[in-house]
Amino acid sequence: MNSKHIALISAELNISARQAENTMNLLAEGSTVPFISRYRKEVTGSLDEVQIGKIEDLQKRYQEVDERRAFIIKTITDQEKMTPELLGKLENTWALTELEDIYLPYKPKRKTRGTQAIEKGLEPLAKLIFEQQENAPQSAAEQFLNEQVASTEEALKGARDIMAEWINENAELRDKLRKLFTHTAVLTSKVIEGKEEEGSKYKDYFDFSEEISAIPSHRILAILRGESEGFLYATISPAEEDATEIINKQFVTGNNASSEQVKKAGADSYKRLLRPSLENEFRALGKESADAEAIEVFAENLRQLLLAAPLGPKAVIAIDPGYRTGCKVVALDDQGNMLDNDVIYPLEKNYKRDDAEALLKRWVERYDTAAIAVGNGTAGRETEEFVKKIDFGKKVNVFMVNESGASVYSASEVAREEFPDFDVTVRGAVSIGRRLIDPLAELVKIDPKAIGVGQYQHDVNQSSLKQSLDRVVVSCVNNVGVNLNTASKHLLAYVSGLGPSLAENIVKYRKENGAFKNRLQLKKVSRLGDKAFEQCAGFLRIENGDNPLDNSAVHPERYSLIETMAAKQHCTVQDLMAKEDLRKKINPKEYVSEEVGLLTLEDILKELDKPSRDPRDEIAIFEYAEGIRTMEDLKVGMTLPGVVTNITNFGAFVDIGVKQDGLVHISHLSNRFISNPNEAVKLNQKVTVTVLEVDPSRKRISLSMKDNEAPGAGNSGGGQRKERRDGGSAKPSKQGAPAPLNDFQAKLAELKKKFN
C-alpha cells in the first residue's frame with residue numbers, strides 16, 4: 001500500500017491514516033463498498049458508503065498520477081536531461097497540471113514555428129536577444145541570413161517564434177497565469193450571427209459573461225451545449241493586459257531594442273500558445289466539474305426514485321392508457337407474474353366503455369386484485385378518472401404510476417427474454433404494474449439514463465455517469481435487501497459480490513433445486529466461492545427458511561454470537577427476535593471482542609428488533625385537482641396539489657396533472673433561504689404549489705411553494721420527467737450531499753489557497 005497515497009487521502013477526506021489504509025486494504029481484497037460500510041465498521045472507523053467510494057476514487061486518481069509521473073521521468077531520463085532538482089520536483093507533485101507544466105519543455109514536439117526556426121539556425125540569435133544585452137538586434141540578425149532566411153525581419157521573426165515557445169514552456173509563468181485565470185477569468189458567450197431564431201432556447205446566453213469563480217455548473221453545461229449545437233461561441237480568459245503585464249514583468253529585464261523583441265514574443269506567446277492552452281485547461285476543469293455536479297444531481301434523484309415506496313406483494317391490474325389504440329391492460333399476481341392481458345377502450349362513449357368496465361370488474365374478482373396502476377402518459381388522467389368511478393364491491397386503490405422509461409424496457413432484450421410471445425405494449429403495461437408492486441426490482445432493468453430524472457445527462461462524461469449511477473443502484477439494492485427466492489437475475493446482479501454471471505447461476509440453481517432453505521445453500525451454486533458468499537450473504541433474504549436470521553441483515557459470520565446471546569437468556573434465537581424483554585436484558589458490552597466491536601453489536605440488536613425491515617416509506621395515494629387537465633385550465637394564483645418529478649440545481653419540476661411539468665425555481669421552494677433544492681423537497685414528494693406564470697407558447701409553467709405547507713415525502717403518483725434544456729439562470733447551488741471530488745468551485749478554491 002502506497003504510504004503517500006494514504007497520507008494524501010486521509011488529509012483530503014479529513015479521516016485518520018488508519019481509516020484510509022484499512023479501507024484501501026479491504027477494497028484491494030475484493031470487498032465491495034456496501035459490504036465494507038455495513039459489516040466492517042470497526043475496521044474503517046464507521047465510514048459510510050460515500051466516504052468509502054471517495055477513497056476508491058482518490059486511490060485511482062493518485063495511481064493515474066503515479067503512472068503519468070513514471071512515464072515522464074523515463075522520457076526525460078532517456079533524453080539524458082534529468083537532474084536531482086528536476087526529479088525532486090516531479091516526485092513531490094500530485095497535480096497532473098503541474099506535472100505537465102514541468103514536463104512541457106522536455107515533451108517531444110511536432111513541427112512548430114519555433115522548431116522550424118531552430119532548424120534554420122536561429123536559436124543562437126534568439127538566445128542573444130532573450131538576454132537583452134544586445135542593443136541592435138537587427139544588426140545581429142544580419143549574421144544569420146542564409147539560404148533559408150532571406151531577410152533580417154525573417155530572422156527576427158524566427159527568433160521571436162523560438163522565444164515565444166520558451167515563454168510558453170516556463171512552469172513558473174504558467175503557474176502565475178493560472179492564478180490570474182483562477183481569480184479573474186470570465187466565461188463569455190455570444191450568439192453566432194444568423195442563428196438567433198434557431199437557437200432561441202439559448203437566448204439567455206446570446207450576450208453573456210460571468211466570472212468562472214462564480215458561475216454555477218448548469219450554466220457551464222448550457223453554454224457548452226449551445227456551442228456544440230452551433231448556436232453560441234464561448235471563450236474563457238482574463239483581461240489580456242493583465243496577462244501581458246505578468247509576462248513582461250517576468251521576462252522583460254531591459255529597456256532596449258532587444259527588450260522590445262522579447263515583449264513582442266511574449267504577446268505572441270500569450271495570444272497563440274498560452275491563452276489557448278490555459279483556456280482549454282479551464283474549459284476542461286469547468287466541464288469536468290459541471291459533469292460531476294450534474295451526475296451528483298442525477299444520482300441523488302435516482303436514489304430517491306429507486307427507494308420509492310412499494311405497494312408490496314399484492315395482485316395488481318396495470319393499465320397503459322391510450323386514446324385511438326385503446327388501453328393495454330394486464331393482470332399481475334403478487335410477484336408481478338402476468339396472469340392475463342387484453343385491450344380496453346374506456347374513453348370511447350359507446351358500448352366499448354361498458355365492456356371496459358365489465359372486464360375490470362371481472363378481473364378484480366377473479367384475481368383478487370388489491371390495486372390498479374394507471375400509467376401517467378397520454379390519456380392517463382382520463383383513464384384514472386374512469387377507473388375511480390367503478391364500483392368494484394370492495395376497496396381497490398388506484399395509483400398513477402410514472403411510466404417514464406417503460407417504453408425503453410418494453411423494447412429491451414430483458415423484456416423480450418421475459419415475454420418473448422408478447423408485443424411491446426403488453427410488456428410496457430407489465431412494467432407499469434411491477435413499478436407499483438416494487439419500483440426498485442423493476443427499475444434496475446432499465447438504463448438509468450432512460451428514467452429521465454437527470455440534468456444534462458446526455459452531455460456529461462458517459463463513463464463517469466455510468467459508474468456513479470451503477471453505484472447508486474448497488475447501494476439501493478443492498479440497502480433494501482433482496483429476496484433470494486423471488487428476485488430476478490437482473491436484481492440479484494446488483495447484490496454485493498455477485499454480478500450477472502453468479503446471479504444467473506443462482507436463478508438456475510433455484511429452478512433446478514427449488515427454493516433456498518438457508519443461506520449456506522448459496523455455497524452449492526456454481527462458481528459462488530467463499531469470498532462471494534461473504535460479500536453477498538448478508539444482503540439476501542430467505543422468508544420462512546430454516547433459520548430466522550436468514551430473513552434479516554445479520555451476517556452469517558455472526559450467527560454463533562447471537563446463538564450465544566440466546567443461550568445466556570435461556571431461549572431460542574427465534575424467541576430472542578420475537579420478545580423485546582429478552583433483548584433488553586442483553587448488554588452489548590459483554591460481547592465486545594477483537595473481531596466484534598460495539599458498532600456491529602448495536603447494528604445486530606437493531607436488526608433483531610426489526611428483522612428484514614424495509615427502509616422505504618409506506619405508499620400513499622395522491623389525487624390531482626379536479627377539472628385541471630391542460631395548461632389552458634391554469635390561472636395565475638391557483639393553489640394546486642402536485643408531485644415532485646425531477647430535482648435540478650436550479651429548482652424542482654412538479655407534475656400538477658396538465659401533461660407539462662411546472663418549475664419551482666430554487667428561490668420559490670421555501671420561505672427560508674436554501675442553497676440546495678434537496679433541502680426543501682424530495683423526488684415523488686406530494687406538495688402544494690401556487691401558479692405564478694403560464695406560458696403555453698413556450699410550454700412553461702412557473703410555480704411557487706412559498707407559504708404552502710409541503711407534506712412529507714411520499715411515493716405514489718408522479719409525472720413525466722422533463723429535462724431543463726436551457727440551463728436556467730439560477731444562482732449557484734451546492735448539493736446537500738458531500739461535494740464531488742472534482743467540484744469546479746472546490747478546485748478553484750484550492751488554487752486560490754495555493755496562490756494566496
Side-chain angles (χ1 to χ4, degrees), residues 1 6 9-10 12-60 295-296 299-300 302-304 306-307 440 444 467-482 491-499 519 531-541 549 552-558 561 588 595-616 735-741:
M1 197 61 63
I6 293 168
I9 290 171
S10 64
E12 185 155 347
L13 299 183
N14 196 27
I15 59 177
S16 71
R18 182 175 175 274
Q19 286 177 295
E21 183 176 8
N22 288 351
T23 304
M24 290 160 71
N25 284 330
L26 286 168
L27 290 167
E29 292 167 6
S31 293
T32 67
V33 172
F35 176 82
I36 296 169
S37 174
R38 182 175 293 185
Y39 297 116
R40 292 296 180 263
K41 290 184 177 179
E42 283 81 13
V43 180
T44 68
S46 202
L47 296 179
D48 61 28
E49 288 187 5
V50 173
Q51 292 169 305
I52 295 166
K54 285 190 174 184
I55 290 173
E56 192 173 36
D57 290 340
L58 281 171
Q59 188 175 11
K60 182 180 177 182
I295 289 170
E296 186 182 355
E300 178 56 29
L302 178 64
R303 180 182 299 279
Q304 293 177 27
L306 292 175
L307 294 178
L440 176 60
V444 295
Q467 179 185 351
S468 178
L469 298 185
D470 282 349
R471 269 187 185 170
V472 170
V473 178
V474 167
S475 173
C476 291
V477 169
N478 289 283
N479 186 32
V480 172
V482 172
L491 185 59
L492 287 167
Y494 287 102
V495 173
S496 169
L498 294 184
R519 282 169 168 169
K531 188 65 178 180
F533 177 82
E534 175 196 59
Q535 297 296 305
C536 75
F539 301 103
L540 296 169
R541 309 281 185 267
L549 292 173
S552 74
V554 176
H555 198 282
E557 65 188 5
R558 302 299 171 224
L561 175 64
E595 291 184 353
V596 185
L598 202 56
L599 293 169
T600 296
L601 287 162
E602 288 172 351
D603 281 350
I604 288 172
L605 291 175
K606 285 178 186 175
E607 190 60 27
L608 293 177
D609 183 42
K610 293 182 179 177
S612 196
R613 64 190 184 279
D614 194 320
R616 295 173 288 185
Q735 294 300 300
L741 292 174

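We use all heavy atoms of the structure for the numbers below, so side chains are in, but hydrogens, waters and symmetry mates are not. We're numbering straight along the sequence, starting at 1.
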Shortest non-hydrogen contact from [X] toward [Y]:
X: Ser468; Y: Ala299; answer: OG-CB, 3.7 Å
X: Leu306; Y: Leu440; answer: O-CB, 3.4 Å
X: Gln535; Y: Thr32; answer: OE1-N, 2.8 Å
X: Thr23; Y: Ile52; answer: CG2-CG2, 3.9 Å
X: Ile55; Y: Met24; answer: CG2-CG, 3.7 Å
X: Leu599; Y: Ser46; answer: CD1-CB, 3.8 Å

Could you check if a side-chain atom of [X] sits within less than 4.5 angstrom of a side-chain atom of [Y], using non-hydrogen atoms only?
X: Val33; Y: Ile36; value: no
X: Gln304; Y: Glu300; value: yes
X: Leu598; Y: Pro588; value: yes

Strictly distance-based, threshold 3.5 Å: is any side-chain N or O of Glu607 a donor or acceptor partner for the main-chain N or O of Ser552?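 No.
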Donor-acceptor under 3.5 Å (Tyr39 side chain, Gly538 main chain): yes
Suppose we screen for salt bridge (Lys or Arg N to Asp or Glu O under 4.0 Å). Which residues come up paired with Arg541, at least two apart in sequence or across chains?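 Partners of Arg541 by the salt bridge (Lys or Arg N to Asp or Glu O under 4.0 Å) criterion come out as none, since no residue qualifies.
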I need the single residue from Glu42, Glu595, His555, Lys41 that forms a side-chain hydrogen bond (donor to acceptor under 3.5 Å, both in side chains) with Thr600. Which is it?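 Answer after filtering Glu42, Glu595, His555, Lys41: Glu42.
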Less than 4.0 Å between a side-chain N and a carboxylate O, is that true for Arg18 and Glu21?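 Salt bridge: no.
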Test log, rule side-chain contact (heavy atoms from CB on, under 4.5 Å), inputs Thr44 and Asn22: CA-CA 6 Å; Thr44 68; Asn22 288 351; 5.6 Å; no
For Lys531, does the NZ atom have more than 12 heavy-atom neighbours from other residues, nucleotides or ligands under 6.0 Å away? yes
Please name all residues satisfying side chain to side chain donor-acceptor pair (under 3.5 Å) with Gln51, sequence neighbours left out, ordered by chain then number.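 So Gln51 forms no side chain to side chain donor-acceptor pair (under 3.5 Å) with any residue.
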When the side chains of residues 470-479 are checked against the rest of the protein, which donor-acceptor pairs come out under 3.5 Å, sequence neighbours left out?
{"from": "Asp470", "atom 1": "OD2", "to": "Lys466", "atom 2": "NZ", "distance (Å)": "2.7"}
{"from": "Arg471", "atom 1": "NH1", "to": "Asp57", "atom 2": "OD2", "distance (Å)": "3.1"}
{"from": "Arg471", "atom 1": "NH2", "to": "Gly53", "atom 2": "O", "distance (Å)": "3.4"}
{"from": "Arg471", "atom 1": "NH2", "to": "Glu56", "atom 2": "OE1", "distance (Å)": "2.9"}
{"from": "Arg471", "atom 1": "NH2", "to": "Asp57", "atom 2": "OD1", "distance (Å)": "2.9"}
{"from": "Ser475", "atom 1": "OG", "to": "Glu49", "atom 2": "OE1", "distance (Å)": "2.5"}
{"from": "Ser475", "atom 1": "OG", "to": "Arg303", "atom 2": "NH1", "distance (Å)": "3.0"}
{"from": "Asn478", "atom 1": "OD1", "to": "Ser496", "atom 2": "N", "distance (Å)": "3.0"}
{"from": "Asn478", "atom 1": "ND2", "to": "Val474", "atom 2": "O", "distance (Å)": "2.7"}
{"from": "Asn478", "atom 1": "ND2", "to": "Tyr494", "atom 2": "O", "distance (Å)": "3.1"}

